[in-house]
Protein chains: 2
Amino acid sequence: MRTYSISEAAKKLNLTVYTLRYYDKEGLMPFVERTPSGTRLFKESDIGALKIIECLKATGMPIKEIKSFIDWCSEGDSTLQQRYDMFMERKASVEAQMEELRKTMEVIEHKCMYYKTALDAGTEDIHKNDKVGSSITN
Amino acid sequence: MRTYSISEAAKKLNLTVYTLRYYDKEGLMPFVERTPSGTRLFKESDIGALKIIECLKATGMPIKEIKSFIDWCSEGDSTLQQRYDMFMERKASVEAQMEELRKTMEVIEHKCMYYKTALDAGTEDIHKNDKVGSSITN
DNA sequence: ACTTGACCTAGAGTTAACTATAGGGATTAA
DNA sequence: TTAATCCCTATAGTTAACTCTAGGTCAAGT
């Protein structure tokens, strides 16, 4: 069974070795084994687990909460409910973030059009008779 | 023309007065006027401008870059191209973020189903014969 | 045996974006 | 006129998530 050094793992995950060691220090990787002399050996499944950790980070979850999840995983079936609840919360959070991004996108697209028009006219004055009249708000 | 105190403006924007003063210090609000004794007076249009600033923040733009945009606004028509380019960049960035959130959501939803099944069965062992077999990666 | 390069830990430093405190001034109600 | 409640500045402190340095170990090649 192939293993990876910390720098190989970092490359596969698009992280730095500093970050991986930091995650380890924060208790996010209790499953990564070591050689007798202390060098970390990353298994394929460890890379997979780290991808899940990256996924949780992408939902905006702080590292301390991710650690709770890792701890629950080590505790076994008695924490299944917590883990399920956690993922349902993450799902709701991602849905909310998507909704906010959609609203943000509407404003940004409006601004793109505003500046396209102004650029074609050579001046922002083209928008002078809009309901509100500021280069920042329109 | 009605104006708002800093605490009223903060309430309208769901920010703290600390944050608003911080933004001012960072040069994000050169348009906000003051009373002779130095108290800030927020016009309706200032609130609007701050909403745009919050919108840019929501795209992940750092405050220093938002300041460039505010500076460009003060410089007039000669910066129209920069401002247009900036909003087009923001648009691309938001699109990329939405795509990443979509991918994240797929993984999270998979995990929700994984834990629903495990919870119904009372044990994670129900997933023992999946391709890869870890409580973290499945 | 010796050098090289990757690994290790402990701990210090960085950055962004707040958040809070201290000390003081102005406006309003009693 | 005095107390409360806002406002102000300057500056210090906080937090998260890295990022880096110093000093040392270890395995492989020459």
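In what follows, chains carry the letters A, B, and so on, assigned in the order in which the sequence lines appear, proteins first and then strands, with residues in each chain numbered from 1.
In this entry the distance linking CZ of B:R34 with P of C:dA26 reads 14 Å, nearest Å. In this structure, CD of B:E33 is placed 14 Å from P of D:dC8, rounded to the nearest angstrom. Between B:L41 atom CG and C:dT27 atom C1' there is a gap of 14 Å when expressed in whole angstrom units. Taking atom CG of residue B:L20 and atom P of nucleotide D:dT9, one finds them 12 Å apart after rounding to whole Å.
Relative ring orientation between A:F69 and A:F87 is described as perpendicular, the plane-to-plane angle rising above 60° on a 0-90° scale split at 30° and 60°.
A sub-4.0 Å separation between OP1 or OP2 of C:dC8 and a side-chain N or O of A:R21 is present.
Checking A:Y115 against B:Q81 by side-chain atom types alone, no donor-acceptor pair falls below 3.5 Å. Checked by atom type, the side-chain pair A:Q97/A:S93 shows a donor-acceptor distance below 3.5 Å.
Counting heavy atoms from C-beta outward, B:E95 and B:E99 have side chains that stay 4.5 Å or more apart. Using a 4.5 Å cut-off on side-chain heavy atoms (C-beta onward), A:D24 and A:L20 make no contact.
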Tabulated below should be each protein N or O lying under 3.5 Å from an N or O of nucleotides 15-21 of chain C; please produce it.
| residue | atom | partner | partner atom | Å |
| --- | --- | --- | --- | --- |
| C:dA17 | OP2 | B:I63 | N | 3.3 |
| C:dC18 | OP2 | B:Y23 | OH | 3.0 |
| C:dC18 | OP2 | B:K57 | NZ | 3.3 |

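Linking ILVMFWY side-chain heavy atoms closer than 4.5 Å, directly or via other members, places B:V17 and B:L13 in a single hydrophobic cluster.
Only A:S5, A:I6, A:S7, listed by number, bring a heavy atom of residues 3-13 of chain A to less than 4.0 angstrom from any atom of DNA chain C.
At the heavy-atom level, A:R40 lies under 4.0 Å from the strands shown only through sugar-phosphate atoms.
Atom CG of A:D71 and atom CD1 of A:I66 lie 12.0 Å apart (nearest 0.5 Å).
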Taking only distance into account, with no hydrogens and no angle test, what donor-acceptor pairs under 3.5 Å do side-chain atoms of residues 50-58 of chain B form with protein atoms, sequence neighbours excluded?
| residue | atom | partner | partner atom | Å |
| --- | --- | --- | --- | --- |
| B:E54 | OE2 | B:Y23 | OH | 3.3 |
| B:K57 | NZ | B:Y23 | OH | 2.6 |

